[in-house]
Amino acid sequence: MQTESHLDFEEQKQCGAILRSLSGESSAEIRDWQLFYKAVPYGALPPHVSLENLNQGWASKRGLLDGIALRLRYSDEALHHSLCPTGMIESFVFEVLEQIRTESICPQELKGAKQNIEGQFIAWAQHYMTTGGAESSIGMLLIALFMTAWMRLNAKEMPQLLQDMVEATRAGLAEDTGALLKQLKANRFCQEEYSIASLALAKMVSGLIEEEYRNVPSIRVKKKRLIDSLLQIEWVPHSKTEAAGRAASSPVSPHDKRLQLQKNLSQYIVFDRQYDIEIEAKKKIRPAQLAAYQTELSDEIKRRNIPWAKLTRLYKNLFSSPAQNGWQTTESEGLIDRRYLIRAATSPLSEPLFRHRIHTPETNAKISLLIDCSGSMKEQRLEIAVWIDSLVRILEQAKVQTEVLGYSTSTWQGGRPYKAWRRSGNNPNPGRLNERAHWIFKDFHTPWRKARAGISAILRSEIYAESIDGEALLWAAERLKKIDRGQAINKKLILFSDGCPMDRATIQANGEDYLKEHLLHSIAWCEQEPDIELWGCGIGHEMRSAFKRRLSWEIEGNQSAEILMNWAAEINRSKE
């Protein structure tokens with residue numbers, strides 16, 4: 001996993017501030033270089049304003065950010081997604097034309113922003129042409145359409161070389177697109193009316209592409225042309241779940257948001273819970289084997305030469321806050337000590353008559369560590385165990401209580417619930433079909449020394465199977481909430497994982513996104529809980545941006561001390 005540097009973090013904050021300033025949308029932010037809007041990932045952006053372009057030399061940072069900001073400011077996302085077609089080409093054309101519309105209506109008083117976004121579009125078009133994007137028939141058709149629409153709506157000319165390259169294609173499209181392009185310009189201030197023409201253009205382009213292949217009689221030639229004509233832009237159409245998630249993120253009150261999250265979570269069902277287990281992991285291991293695991297873990301930690309005292313001071317300072325612990329009396333300044341009021345009246349200069357409060361640091365925090373015990377984590381289990389054991393030891397010395405939990409499944413590819421579902425007739429959408437396993441490696445009440453055997457159970461390879469992350473996250477969050485409920489305690493829940501939920505039987509029966517969507521809803525639930533702070537450590541690229549707070553994860557090099565110090569710095573940085 002790549003480490004998210006402090007410089008990178010600060011740059012993302014600055015980019016988010018630019019977006020919020022121009023768009024007026026306080027919820028706009030950038031996490032892991034992905035746009036979030038109303039606490040939901042925005043999804044794919046048109047290619048000339050994709051955040052991936054920020055590391056390209058040809059791109060204008062301000063032009064790209066100004067373009068995104070105008071999109072957030074002038075485009076009704078609910079309306080856009082309700083009208084957006086589902087096909088890849090149709091949705092792509094519809095998306096780019098909507099982006100061109102929002103950029104074309106940039107107010108005249110924002111001259112700098114106008115120049116930025118115009119320069120960015122031209123730079124992207126030049127880059128697209130020079131890197132071979134227009135060498136395919138689809139690529140040339142699309143760039144010709146986009147350039148023509150851009151020039152018509154902005155009343156601007158492209159560089160002559162670009163115009164010459166697409167002139168033949170533009171001329172061939174003129175008869176079919178002329179009236180629609182006029183409608184685009186006439187209705188650019190009305191999104192709903194504008195979408196009528198843009199949908200027609202998207203349908204026309206899709207039809208032209210289909211017609212090209214329909215007229216090729218040879219299957220072999222057809223396949224070759226298809227390969228030669230592939231769209232040279234990565235594009236994934238917006239899913240309906242993204243649109244629903246964005247709409248659900250806009251209730252006006254926290255109460256409404258909580259009700260929506262409850263509704264989303266209630267859509268997740270379980271076919272059969274009777275085989276689920278919640279157990280201390282060490283109870284599933286023979287004592288001799290457990291002792292061998294503990295020895296292996298201890299030897300590996302000794303080999304790392306971890307600076308315990310330095311790290312303990314670091315984490316103690318991180319989780320400590322000043323607390324009043326009495327008074328310091330007979331001081332020369334401060335508050336008057338009422339025991340000496342008579343003396344103050346009769347001889348105010350004879351002795352110190354004042355006092356002040358004594359503030360000493362106190363630690364008031366509890367941390368729950370939740371480990372993904374899926375098959376993909378098995379090769380890393382020793383490294384994970386070293387991190388967890390070391391962190392628990394350091395936190396205990398810093399007076400921070402900890403709990404260590406894990407999750408997986410008892411079997412692969414379903415087990416008994418899956419067989420029962422097959423016997424019942426394979427009814428559609430049965431819900432979760434595996435035997436969930438929740439592991440307790442250490443609870444809050446067990447000190448580190450007594451819990452070491454339980455923590456070493458992380459090394460048992462047999463517990464690593466498939467993963468049902470959403471249920472585990474809610475389970476760990478509920479356990480954390482119950483500890484000292486109602487007290488003002490800093491509670492953190494840290495999920496250690498390297499990817500998305502994966503239970504083959506459940507996914508095959510319910511669809512690819514069933515477990516992922518439940519995890520996203522579970523993350524949203526934890527994020528809105530006022531007494532829990534959720535963190536993600538590792539986290540696969542697909543899920544990483546869903547976590548507002550993240551800890552870096554670098555498996556290579558066995559640099560445990562550096563990892564632990566980085567975590568402290570990242571947690572401290574989140575307070576800023």
Side-chain angles (χ1 to χ4, degrees), residues 39-41 43 236 238-246 248-249 260-278 370-378 405-422 426-439 463-478 493-527 534 536-547:
V40 179
V236 179
H238 292 284
S239 67
K240 296 300 181 184
T241 56
E242 286 176 348
R246 195 171 291 111
S249 65
Q260 182 62 50
L261 284 171
Q262 287 176 337
K263 180 180 178 181
N264 292 337
L265 289 171
S266 67
Q267 295 173 356
Y268 177 84
I269 59 176
V270 178
F271 183 76
D272 191 346
R273 294 183 182 273
Q274 65 174 314
Y275 304 110
D276 296 348
I277 61 172
E278 178 182 321
L370 178 62
I371 305 169
D372 172 11
C373 296
S374 60
S376 61
M377 295 278 282
K378 182 161 62 174
L405 308 172
Y407 62 95
S408 60
T409 57
S410 299
T411 61
W412 291 86
Q413 300 185 21
R416 288 168 287 186
Y418 178 70
K419 293 176 182 177
W421 172 67
R422 294 291 300 271
N426 292 11
N427 295 324
N429 303 316
R432 191 247 295 169
L433 288 175
N434 211 327
E435 303 174 23
R436 184 201 68 197
H438 285 168
W439 309 105
I463 69 174
Y464 292 82
E466 298 186 280
S467 63
I468 303 169
D469 301 55
E471 289 188 58
L473 194 62
L474 295 176
W475 167 65
E478 192 58 35
L493 171 56
I494 304 175
L495 171 63
F496 294 83
S497 178
D498 66 348
C500 279
M502 173 53 67
D503 172 25
R504 196 176 306 277
T506 300
I507 288 175
Q508 287 176 349
N510 300 273
E512 288 287 336
D513 294 331
Y514 187 71
L515 293 176
K516 178 184 174 182
E517 287 177 10
H518 183 242
L519 175 56
L520 289 172
H521 294 149
S522 301
I523 292 170
W525 176 267
C526 292
E527 295 281 8
L534 178 63
C537 183
I539 310 302
H541 177 73
E542 192 172 356
M543 297 301 304
R544 180 174 168 82
S545 58
F547 288 80

Would you check, one step at a time, whether the test side-chain contact (heavy atoms from CB on, under 4.5 Å) holds for Tyr418 with Thr411? CA-CA 11 Å; Tyr418 178 70; Thr411 61; over 6 Å; no

side-chain contact (heavy atoms from CB on, under 4.5 Å) for Tyr464 and Met377? Distances and angles first, verdict last. CA-CA 7 Å; Tyr464 292 82; Met377 295 278 282; 4.1 Å; yes

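Residues Leu474 and Leu265 have side chains in contact (heavy-atom distance under 4.5 Å, counting atoms from C-beta outward). Residues Asn426 and Trp421 have side chains in contact (heavy-atom distance under 4.5 Å, counting atoms from C-beta outward). Within the 4.5 Å cutoff, the side chain of Ile507 has heavy atoms near those of the Met502 side chain. Two residues are said to be in side-chain contact when any heavy atoms from C-beta on lie closer than 4.5 Å; Leu493 and Leu473 meet this criterion. Side-chain atoms of Ile269 and Tyr514, non-hydrogen and from C-beta on, do get closer than 4.5 Å to each other. The side-chain heavy atoms of Lys263 and Gln260, taken from C-beta on, include a pair separated by under 4.5 Å. Within the 4.5 Å cutoff, the side chain of Leu405 has heavy atoms near those of the Trp475 side chain.
Scanning for side-chain contact (heavy atoms from CB on, under 4.5 Å) contacts around Gln508 gives Arg504, with sequence neighbours left out.
Between the side chains of Tyr407 and Glu471, no donor-acceptor pair is found at a separation under 3.5 Å.
Summarising the geometry, atom CG belonging to Asn434 is positioned 12.5 Å from atom OH belonging to Tyr275; distances are rounded to the nearest 0.5 Å. Rounding to the nearest 0.5 Å places CD of Glu435 at 10.0 Å from CD1 of Ile468. Expressed to the nearest 0.5 Å, how far NE2 of His518 lies from CD1 of Ile523 amounts to 11.0 Å. One finds the CG atom of Leu370 at 9.0 Å from the OG atom of Ser497 (value rounded to the nearest 0.5 Å). Atom-to-atom distance recorded for Ser408:OG and Ile277:CD1 is 7.5 Å, nearest 0.5 angstrom.
For the side chain to side chain donor-acceptor pair (under 3.5 Å) with Arg432, the lone residue among Asp276, Thr506, Asn510 that qualifies is Asp276.
Side chain of Thr409 to main chain of Glu466: a donor-acceptor pair is present (N/O by atom type, distance under 3.5 Å, no hydrogens or angles).
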